[in-house]
Amino acid sequence: MKKRIFYILIFGLSFLFFSCLSLFISPPHLIESRGRCSAEDLTAFFMSQNPKADRAKVRRLAKFYIEESEAEGINSDIAFSQMCLETGFLRFGGLVSEEMNNFCGLGSIGEGKKGESFPTEKTGVLAHVQHLKAYATSKPLVRPLADPRYKYVNPKGKAPTIYGLAGTWAADPNYGKKLENILKRLYKSVY
């Protein structure tokens, strides 16, 4: 009898532990939050999705996303994952091309308007993070304005979660779910 109670107790504690553990590694939904992944984590995940990418460039971008997101109070895991979604893991292929340093399709609305271009990768990342911040919160920017389309997001803070980006940032009603799926894959690869 004692042995049976012992096994039930062990099973119950194991179930509780692993159930609670999954709470800690679930992907974030709030855009205005803190990312958990390091530049190494983001780079390793990215390279598993696009092994032909330039690893040094991906690592630079990962560092920029962490740095600029932390400064603006935006979740770097979400911003980096959105870059992965918007660029097809830097494969591009749409209206925006690699040399534009536009990692989120800013201003890309059709053949007549391919999108914004930025002089450096870091400026392109900052513009992306600032645009994401405009959707997430009404708090003012910390860094000097890099996003030429920041003024067009009204009201500020209209999409505090990744799901709110569907129908606002992108017309796709499944946009938030697509971001969540990338975040789940990222966290599964890291945790």
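One-based numbering along the sequence shown.
- The closest donor-acceptor contact from the side chain of Glu116 to the backbone of Leu106 lies at 3.5 Å or more, if one exists at all.
- By the neighbour-count criterion of 12 heavy atoms within 6.0 Å, atom NZ of Lys151 is sparsely surrounded, having that number or fewer from other residues, nucleotides or ligands.
- Under the 30°/60° scheme for interplanar angles, the aromatic rings of Trp169 and Tyr135 are found to be tilted.
- The main-chain N or O of Ala62 is never found under 3.5 Å from a side-chain atom of Glu67 such that the two would form a donor-acceptor pair.
- Heavy-atom minimum distance, Phe118 versus Ala146: CE2-O, 3.6 Å.
- When the side chains of ILVMFWY residues are joined at heavy-atom separations under 4.5 Å, either directly or via intervening members, Ile66 and Val58 end up in a single hydrophobic cluster.
- Checking side-chain atoms of Arg59 against main-chain N and O of Ala56 turns up no donor-acceptor pair under 3.5 Å.
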_For a side chain to side chain contact (heavy atoms under 4.5 Å, CB included) check, start with the C-alpha distance between Leu183 and Ile78, then their side-chain angles and the critical distance, and finish with the verdict._
CA-CA 7 Å; Leu183 285 159; Ile78 291 174; 4.0 Å; yes
*Would Thr137 and Lys156 satisfy side chain to side chain contact (heavy atoms under 4.5 Å, CB included), going step by step from the backbone distance to the final call?*
CA-CA 6 Å; Thr137 180; Lys156 301 287 189 272; over 6 Å; no
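- In terms of hydrophobic clustering, with Ile, Leu, Val, Met, Phe, Trp and Tyr side chains grouped at heavy-atom distances under 4.5 Å, Phe80 and Val190 are assigned to a common cluster.
- Between Ser76 and Gly35, the closest heavy-atom pair is OG-CA, 3.7 Å.
- Using cut-offs of 30° and 60° for the angle between ring planes, the His29 and Tyr163 rings count as tilted.
- Annotation: side chain of Tyr187 is not in contact with side chain of Phe45 (no heavy-atom distance under 4.5 Å).
- To the nearest 0.5 Å, the span separating CG on Leu95 from OG on Ser108 amounts to 4.0 Å.
- By the 30° and 60° cut-offs, the orientation of the rings of Phe103 relative to Phe92 is tilted.
- Taking 4.5 Å as the limit, every side-chain heavy atom of Thr123 sits out of range of all side-chain heavy atoms of Asn101.
- Remark: side-chain polar atoms of Asp147 are paired, donor with acceptor, to backbone N or O of Tyr150 under 3.5 angstrom.
- With respect to Arg143 and Glu68, a salt bridge is recorded, a charged nitrogen being found less than 4.0 Å from a carboxylate O.
- Judged purely by atom type and a 3.5 angstrom limit, Thr168 uses its side chain to pair as donor or acceptor with the backbone of Gly164.
- Atom CD1 in Ile162 sits 8.5 Å away from atom OG in Ser81 (nearest 0.5 Å).
- Annotation: side chain of Ile31 is in contact with side chain of Leu165 (closest heavy-atom distance under 4.5 Å).
- Within the 3.5 Å criterion, the main-chain N or O of Pro140 finds a donor-acceptor partner in the side chain of Lys133.
- In this structure, Arg60 CZ and Thr120 OG1 are separated by 10.5 Å, a value rounded to the nearest 0.5 Å.
- Under the 4.5 Å side-chain heavy-atom criterion for ILVMFWY residues, no single connected hydrophobic cluster contains both Ile74 and Leu145.
- Leu179 places a side-chain heavy atom less than 4.5 Å from the side chain of Leu85.
- Within 6.0 Å of NZ in Lys158 there are more than 12 heavy atoms belonging to other residues, nucleotides or ligands.
- A donor-acceptor pair under 3.5 Å is absent between the side-chain atoms of Asp41 and the main chain of Thr43, judged by distance alone.
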*Stepwise side chain to side chain contact (heavy atoms under 4.5 Å, CB included) test for Thr87 and Val96*: CA-CA 8 Å; Thr87 67; Val96 177; over 6 Å; no
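- At least one side-chain heavy atom of Asn50 sits under 4.5 Å from a side-chain heavy atom of Lys52.
- Proximity of a side-chain donor or acceptor of Ser138 to a complementary backbone N or O of Gly157 within less than 3.5 Å is not detected.
- Under a 3.5 Å cut-off, the side chain of Asp77 and the backbone N or O of Arg36 do form a donor-acceptor pair.
- Lys63 contributes atom NZ, which lies 11.0 Å from atom NZ of Lys122 (distance to the nearest 0.5 angstrom).
- Rounding to the nearest 0.5 Å places NZ of Lys178 at 10.0 Å from CG of Asn181.
- Cys37 and Tyr191 get closest at one heavy-atom pair: N-OH, 4.2 Å.
- Between Asn102 and Ser117, the closest side-chain pair of non-hydrogen atoms is not below 4.5 Å.
- Nearest approach of Ala79 to Val129, heavy atoms of both residues: CB-CG2, 4.4 Å.
- A heavy-atom distance below 4.5 Å is found between the side chains of Phe46 and Leu90.
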_I'd like to know whether Asn75 forms a side chain to side chain contact (heavy atoms under 4.5 Å, CB included) with Arg34, so could you lay out the CA-CA distance, the side-chain angles of the two residues, the decisive distance to 0.1 Å, and finally the verdict._
CA-CA 5 Å; Asn75 188 304; Arg34 189 172 178 87; 5.7 Å; no
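- If you take SG on Cys104 and CD on Gln82, they are separated by 6.5 Å, rounding to the nearest 0.5 Å.
- Residues Glu180 and Tyr175 bring no donor and acceptor atom of their side chains to less than 3.5 Å of each other.
- Using a cut-off of 4.0 Å between Lys/Arg side-chain N and Asp/Glu carboxylate O, Glu98 and Lys57 are scored as salt-bridged.
- In this structure, Pro27 and Lys184 have side chains that are in contact, with non-hydrogen atoms separated by less than 4.5 Å.
- In this structure, Gln49 contributes its side chain and Phe89 its backbone to no donor-acceptor pair below 3.5 Å.
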